[in-house]
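The structure appears below as structure tokens.
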Amino acid sequence: MTNREVATLLRHYADLLEIQGENPFRVQAYLRAAEVIDRLSTPVALLAAENSLTAIPGIGSGIAAAIDEILGTGRLSALDALQGELPGSLVTLLNLPGIGPKTVGRLYRELGIATLADLEEAALAGRIRQLKGLGANAEQRILEGIRFLRSVSRRFLLGELLPMAERLACQLAQQLGAEVAVVGSIRRMRETVGNINLVAGVADQAVIVHALGSLPEIIEVHEPTPAFVPALSTNGAEVQVVAATPERFGTELVRWTGNWQHVEELSAIAGGALPLAPTEEACYQALGLPWIPPELRENRGELDAALRGRLPQLITLEDVQGDLHTHTTWSDGRGSILEMAMAARDRGYRYLAVADHSAGLGVARGLDAERLREQWREIEAVQARVPAIRILRSCEVEVRRDGSLDLPDEVLAELDLVVASLHAGLRLPRDEQTERIIRAIRHPHVDIIAHPTGRLIDRRPGADYDWDRVFAAAREAGKALEINCGPERLDLNDELARQALDAGVMLAINSDAHAPDDFAWMRYGIGNARRAWARPDQVLNTMPLEALLSWLAR
DNA sequence: GCCGTTTTCGGCCCGACTGTTTTCAGTCG
């Protein structure tokens, strides 16, 4: 049983408890436990075997017993009992934006709605508006939400699988004494990925089967197919390991990195199968092409560019000189200014913008002008202790519904850098939303628009804009749009980022770190930017400190 | 249900926004 399967059962139980109207803190406890198990790199079964489940923060005696039962029987009797009263399918309704547990409970009790199909039918028939508190607009929103949910297929976030893929590749390489490479959509840095693909430089599948079986994060190894050895990892992702002899190692890297349309085009050039080659470079060279970075292999014009010698000089992680959107314990971050500054310095950054939330985001303990000024004193003190990195006074200021900002101009004027973003009102109509963001873009003190759409991958569609107008406004005002590196945001996405660059807009690639470890997210944003064909000169935070400061003083 | 350098009981994130209704419950971040 994978960690993810255990977490899924706990989450399912929590969701049903919540629909039932159970104590929200109890619900929260199950959700937190599911979350922490999902993130565990050790199999939860291993911890259960040595009775150390309760050592995990968020898991006490009650939930430990539940986990033991799940591992032993594959079921949770409390969940089975609850499902006698409430259909388990109700939890799928919770994924609809704007629909919470209370509404789901009422939909079931008052209208007998248990599934998405029931709900869709009722909304189409205009029966939802019979419920007090719900009207024709709600029906419309529900139908839109159902359409959105159906359009996303559940995959893993890149950030969920990439670290494990690299650990597996490294451990497998040690076991095999051979090169092992991560390939597939993970290597192409797609925002969501379906599984973990590896290519191992060995001839024999049997040694792969044996080596996989000894890895701590592999739960079971399956019967090899002619193409690869399949296995299951603790987080529920399928792992596929391809055996490739040295003389065809490069060919297999190309084939398994994909995407399949890219490989198909290459095969067409070759007049059949890919040429046999020990390295990728040799494989491309045999086709008369330069090596093409994996992030570009999406059949979006990369072959044409390669043939013409017009491949872009893509930005790399090493080009990044600093992070311009980070949080601290002053708002909802978990690291102090000092901790964050030291972590940024240790990454080799030259500058760091401390951009805590403004007061408008009350939940995040946003800062008003007064607390902001207090924060500046601490920034000054930390700056003296960490002279190797320049700490910029910043703020992630709320863009209100009307496009105005959450802090007075005279306060904004004292900041080194202003990051503006919206967290509420993501569903405004396109025209209104476009006006709103353009007003923020044109605000003289604003420098960067953070996570421009506010989307959460596969969970929430973002704001709807007239992008041509937004890009034009950003270019004219000389403002940067962000690629937010958070694994569940990646906002702007690769396609929008590419359009922005084509429109002449400057990007900023920021981690939005809420803790020192989150700086590591930068690589996801860089991957995204490379998928958008971004060069270093098109990204604000590749500038050396002096250049950045003069850009800010522009 | 979990947790504890004030606690083994009494907290636990809580305020803004939304849609609908006409004073607020539910959702969300």
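Below, read A as the first sequence line, B as the second, and so on, with proteins coming before strands; counting in each chain starts at 1. From a predicted model like this one, the values you see are computed outputs, not experimental measurements.
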Nearest of B:dC2, B:dT27, B:dT20 to any side-chain atom of A:Asn137?
B:dT20
Is there a side-chain hydrogen bond (donor to acceptor under 3.5 Å, both in side chains) between A:Arg155 and A:Thr192? Walk through the geometry before answering.
CA-CA 6 Å; A:Arg155 292 157 61 90; A:Thr192 63; 2.9 Å; yes
Can you tell me the distance, in whole Å, between the CG atom of A:Leu426 and the C1' atom of B:dT27?
13 Å
Got a donor-acceptor contact below 3.5 angstrom from the A:Arg531 side chain to the A:Arg188 backbone?
yes
Distance between the P atoms of B:dA16 and B:dG11, in whole angstroms?
23 Å
Starting at CZ of A:Arg141 and ending at C1' of B:dT18, how long is that distance when rounded to a whole Å?
8 Å
B:dT22 and B:dC17, which share atom name P, separated by this distance in whole Å:
23 Å
In whole Å, I'd like the distance from the CG atom of A:Asp368 to the C1' atom of B:dA16.
16 Å
Sugar-phosphate only, base, or nothing, as touched by A:Pro101 at under 4.0 Å among non-hydrogen atoms
sugar-phosphate
Nearest whole angstrom, please: distance from the C1' of B:dT27 to the CD1 of A:Ile19.
14 Å
Nucleotide nearest A:Lys102 (side chain, heavy atoms from C-beta), chosen from B:dC2, B:dG26, B:dG19:
B:dG26
Let me spell it out: for each of A:Ala424 and A:Val104, pick the nucleotide of DNA chain B with the closest heavy atom. Which residue's pick is nearer the 5' end?
A:Ala424
Residue pair A:Ser331 / A:His327: nearest heavy atoms and the distance that separates them:
OG-ND1, 3.7 Å
For side chain to side chain contact (heavy atoms under 4.5 Å, CB included), just list the numbers for A:Arg334 and A:Asp518, CA-CA rounded to whole Å, side-chain angles, deciding distance to a tenth of an Å, and then say yes or no.
CA-CA 10 Å; A:Arg334 296 179 302 281; A:Asp518 297 348; 4.0 Å; yes
Candidate nucleotides B:dT18, B:dG1, B:dT27, ranked by approach to the side chain of A:Arg427 - the nearest:
B:dT18
Pick the C1' atom in B:dC2 and in B:dT7, then give their distance to the nearest Å.
14 Å
Whole-angstrom distance between B:dC28 and B:dC13, as gauged at atom C1':
12 Å
Considering only heavy atoms from C-beta outward, does the side chain of A:Cys395 approach that of A:Asp356 to under 4.5 Å?
no
CG of A:Leu131 versus C1' of B:dG19: gap in Å, rounded?
14 Å
In whole angstroms, the gap separating P of B:dT27 from CD of A:Glu18 amounts to 8 Å
Could you tell me whether A:Ala138 contacts a base, only the sugar-phosphate backbone, or nothing, with contacts defined as non-hydrogen atoms closer than 4.0 Å?
sugar-phosphate
Using the C1' atom on both, measure B:dC3 against B:dT8 and round to a whole Å.
10 Å
Atom-pair distance (CD on A:Gln433; P on B:dC17), nearest Å
14 Å
Could you check A:Gly425 against A:Pro97 and say which one's nearest nucleotide on DNA chain B is further toward the 5' end?
A:Gly425
Length of the CD1-C1' vector between A:Ile63 and B:dC12, whole Å
14 Å
With P as the reference atom in both, quote the distance from B:dT21 to B:dG26 in angstrom, rounded to an integer.
14 Å
Would A:Ile128 and A:Ile113 count as a side chain to side chain contact (heavy atoms under 4.5 Å, CB included) here? Give the steps.
CA-CA 10 Å; A:Ile128 304 294; A:Ile113 290 170; 4.0 Å; yes
From B:dT18, B:dG1, B:dG26, pick the nucleotide closest to the side chain of A:Arg401?
B:dT18
Distance check, P atoms only: B:dT20 and B:dG15, in whole angstrom units.
25 Å
So if I take every side-chain heavy atom of A:Thr103 and compare against B:dG1, B:dT27, B:dT18, which nucleotide ends up nearest?
B:dT27
Counting side-chain heavy atoms from CB outward, which of B:dC2, B:dT21, B:dG19 is closest to A:Lys132?
B:dT21
What does B:dT8 pair with, Watson-Crick or G-U, if both distances are under 3.5 Å?
none
